[in-house]
Amino acid sequence: MTRFMIVGGNPLRGTLRVSGSKNATLPILAASLLHGAPNIIHEVPVLQDVATMCHVLEYLGARVHREGYTIRIDATNIQCLEVGENLMRRMRASNLVLGALLGRFGRVRISYPGGCNIGSRPMNLHLKGLKALGACIEEKFGYINVEASQLTGAEIHLDLPSVGATENIMMAAVLAKGTTIIRNAAREPEIVDLQNFLNRMGARIKGAGTDVIRIEGVKHLDSAEHTVIPDRIEAGTHLVAAAITGGDVTITNVIPEHFEPVLAKLREMEVGVEVGDDQVRVYARGRPRAVDIKTLPYPGFPTDMQPQMMALLALAEGTSVITETIFENRYKHVSELRRMGAEIKVEGQTAIVRGVERFTGAPVEATDLRAGAALVLAGLAAENGTIVEGVEHIDRGYERLEQKYDALGARIMRVHN
């Protein structure tokens, strides 16, 4: 167990470089299984989730070599087409090997995946899409067995724009016979990045970033070299950190269009925002104003930024209303923020946040990745000391968070129990 010890009250000031995107890296690593030639991926963040995915690839027989922020993957000698419970339960994105292994080998067996307990994220959309491509699916004893002698292109309409289902179907369809069309596809930038990587390998995909993706099946794929896009959720988190501490922070290595909904809300809160081509500056202009937020699939306000923004709104002037439409269990951080003095009332999927003038440091516990980030931000703004338990959740998605904030003037220290 690891904890953060934070002494709040210091405005964050300076420049911070954003790491590569976790949610883009994971499907790209999985897609490397689609052929037996080496792939080189740059700007891969050093995160626990990335390490877990690399363990999954190595378990299957791939050779994975990391040097700094570059990973080389050689999936020539895949020895196993099954991923067991121990690996799958560490991280939900482990299920992304499903489409890649099915597309290349015609069969795969995986346990149901784990990950943060923030709500229902069933596999039915993934399996429905693979079945439309011609796969036979058997669910038994907690495992999913998928087989197909020949995947064939199909028109697939997703009931919901699921990111994981869109990615798995894309990876399965690139080697299928004929044309696949995914309608109501997820539109996230990470989907576009996966398309770009697959196309570099020789796939023929277009439409990522819209709700219709068209995939022309090819007979084989080859080596590719790719640089992962910057992490838009990390970027948004740092911007909120600047605002909540009354600081002035410039983040670099970003694509501002990817987190425009966050920037729009910060502007609405009367926080200072200056946007460049690949950098954004956020600076405090007094106490922020209350705003209402409703989480929606991209390009709406991201659910992964809801906890962090709630921490900021808990210190804003006025009353805010937050509506969570994506995950039904994504208010677990509320009780911890209350321990620090926040006034938040939850009614179903709606949270009513009445801003207070200050937080008071307290021992709190991170229950999932983004909740942990929100508690760190609250601790940076709080009077006195805050102890954040459950840092292993934060390490899944933020690289060296305490070192980055320490360089901006925060008093934050990692302590191993």
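Since we're looking at a predicted model, the values are computed, not measured. Computation of the quantities below employed the complete heavy-atom set of this structure, encompassing side-chain atoms and omitting hydrogens, waters and symmetry-equivalent molecules. This chain uses plain numbering: 1 for the first residue, then up along the sequence.
Taking the charged nitrogens against the carboxylate oxygens, R187 and D211 have no contact shorter than 4.0 Å, which rules out a salt bridge. The existence of a salt bridge linking E347 and K345 is confirmed by a sub-4.0 Å separation between a basic side-chain nitrogen and an acidic carboxylate oxygen. Salt bridge status for R183 with E155: present, with a side-chain N to carboxylate O gap under 4.0 Å. With respect to R330 and E324, no salt bridge is recorded, no charged nitrogen being found less than 4.0 Å from a carboxylate O. Between E216 and R204, none of the side-chain N atoms (NZ, or NE/NH1/NH2) sits under 4.0 Å from a carboxylate O, so this pair counts as no salt bridge. R66 and E58 are not joined by a salt bridge, as no carboxylate oxygen comes within less than 4.0 angstrom of a charged side-chain nitrogen. Look at R267 and E260 and you find a salt bridge, because one of the NZ, NE, NH1 or NH2 atoms lies within 4.0 Å of a carboxylate O, short of that distance. The residues K22 and D49 are annotated as salt-bridged, a charged nitrogen and a carboxylate oxygen being separated by less than 4.0 angstrom. Using a cut-off of 4.0 Å between Lys/Arg side-chain N and Asp/Glu carboxylate O, R3 and E392 are scored as not salt-bridged.
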Report the C-alpha separation of M170 and I213 in whole Å, then their side-chain angles, then the decisive distance to 0.1 Å, and conclude whether the side-chain contact (heavy atoms from CB on, under 4.5 Å) test is met. CA-CA 9 Å; M170 288 172 66; I213 299 176; 4.0 Å; yes
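Residues H393 and D368 have side chains that never bring a donor and an acceptor to within less than 3.5 angstrom of each other. With no hydrogens or angles considered, a side-chain donor-acceptor pair links T237 and Q308 at under 3.5 Å. Between the side chains of D74 and H65, not a single donor N or O lies within less than 3.5 Å of an accepting N or O.
With respect to R414, the side-chain contact (heavy atoms from CB on, under 4.5 Å) criterion is satisfied by exactly one of D406, L401, D395: D395.
Side chains of M201 and H35 form a contact here, defined as non-hydrogen atoms less than 4.5 Å apart. Put simply, the side chain of E190 does not reach to within 4.5 Å of the side chain of H258, judged on heavy atoms.
Of the possible polar contacts, none joining the E336 side chain to the V364 backbone as a donor-acceptor pair under 3.5 Å is found. For N184 (side chain) and L158 (main-chain N/O), a donor-acceptor pair under 3.5 Å exists by modelled atom type. Remark: side-chain polar atoms of R396 are not paired, donor with acceptor, to backbone N or O of Y398 under 3.5 angstrom. Using a distance-only test at 3.5 Å, with no hydrogens or angles considered, a donor-acceptor pair links the side chain of R338 to the main chain of I344.
In terms of heavy-atom proximity, A381 sits nearest to L315 at CB-CD1, 3.9 Å. Taking each heavy atom of I71 and C54 in turn, the nearest pair found is CD1-SG, 3.8 Å.
If you take CG on L194 and CG on L26, they are separated by 11.0 Å, rounding to the nearest 0.5 Å. Distance check, rounded to the nearest 0.5 Å: OG1 of T15 to CZ of R281 gives 10.0 Å.
A cation-pi arrangement is absent between R232 and F259, since the terminal nitrogen or guanidinium carbon is not both under 6.0 Å from the aromatic centre and inside a 45° cone about the axis.
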